[in-house]
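No experiment lies behind these values; they were computed from the predicted model shown. Sequence positions, counted from 1, serve as the residue numbers for this chain.
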Amino acid sequence: MNASSLTQIVTFQKLDEQTQEWVGVATVYASMTGLKNSEYWINYIGGNADENMNVSVRYMPELMELIPQTSRLIHNGIIYDIISPPDDVLFTHREIKFRIRRQIS
């Protein structure tokens with residue numbers, strides 16, 4: 001992972017099951033990229049009104065415990081749902097990738 005690509009500040013949150021409130025897990029620097037050509041067309045061919053992105057961050061054990069249905073990411077005040085489990089890239093404990101989604105409509 002190239003540290004110079006980590007230019008966006010994001011906050012990961014998880015839902016507290018007892019209080020039903022969002023609790024901050026970590027605020028970190030991240031790399032956020034849109035979908036590549038084939039991923040873009042597969043996602044949007046059905047007319048989905050979602051914005052899907054890939055997010056990469058440095059490895060943190062706390063982030064590996066996030067569950068897609070009860071986790072979200074905030075970037076510039078915009079809330080994105082985490083839609084994939086955390087991916088420890090090549091199992092090296094250096095980089096974690098997520099796929100996130102923001103519903104536009």
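- A single hydrophobic cluster is seen to contain both Ile100 and Tyr59, as judged by linkage of ILVMFWY side chains at heavy-atom distances under 4.5 Å, directly or through other members.
- For the residue pair Arg101/Asn52, the side-chain donor-acceptor check at 3.5 Å is not satisfied.
- Nearest heavy-atom pair across Ser31 and Ser5 is CB-O, 3.4 Å.
- Listed by chain and number, the residues in a side-chain hydrogen bond (donor to acceptor under 3.5 Å, both in side chains) with Ser84 amount to none (sequence neighbours excluded).
- When side chains are defined from C-beta on, Thr33 does not count as touching Met53, because their heavy atoms never get closer than 4.5 Å.
- Within the model, atoms OG1 of Thr11 and CG of Leu73 stand 7.5 Å from one another, a figure rounded to the nearest 0.5 Å.
- Looking at residues two or more places apart in sequence or on another chain, you find a side-chain hydrogen bond (donor to acceptor under 3.5 Å, both in side chains) between Asp88 and His93.
- Within the 4.5 Å cutoff, the side chain of Ile82 has heavy atoms near those of the Leu66 side chain.
- As a member of the Ile/Leu/Val/Met/Phe/Trp/Tyr network built from side-chain separations under 4.5 Å, Ile83 groups with nothing else and remains a singleton.
- Shown here for Val55 and Met32, the closest heavy-atom pair between the two residues is CG2-CG, 4.0 Å.
- Pairs passing the ring pair (Phe, Tyr, Trp, His ring centres under 6.0 Å) check and including a residue from residues 3-31, sequence neighbours excluded, read Phe12-Phe98.
- Counting Ile, Leu, Val, Met, Phe, Trp and Tyr side chains that sit under 4.5 Å apart, directly or through other members, Phe91 stands alone, with no cluster partners.
- Applying the side-chain hydrogen bond (donor to acceptor under 3.5 Å, both in side chains) test to Ser4 and every residue at least two apart in sequence or in another chain returns Asn2.
- Atoms CD and CG, on Glu95 and Leu6 in that order, are 8.0 Å from each other to the nearest 0.5 Å.
- Contact record, Lys97 with Val89: CG-CG2, 3.7 Å, taken as the closest heavy-atom pair.
- By the side chain to side chain contact (heavy atoms under 4.5 Å, CB included) test, Thr19 is found to be paired with Asp16, Glu21, residues two or more places apart in sequence or in another chain being considered.
- Counted within 6.0 Å of CD on Gln20, heavy atoms from surrounding residues, nucleotides or ligands total more than 12; the atom is thus considered enclosed.
- Atom CD1 of Ile78 has more than 12 neighbouring heavy atoms from other residues, nucleotides or ligands inside a 6.0 Å radius.
- In this structure, Ile79 belongs to a hydrophobic cluster whose other members, linked by side-chain heavy atoms under 4.5 Å apart, are Ile74.
- For residues 65-81, every residue pair satisfying the side chain to side chain donor-acceptor pair (under 3.5 Å) rule, not counting sequence neighbours, is listed here: Gln8-His75, Gln13-Arg72.
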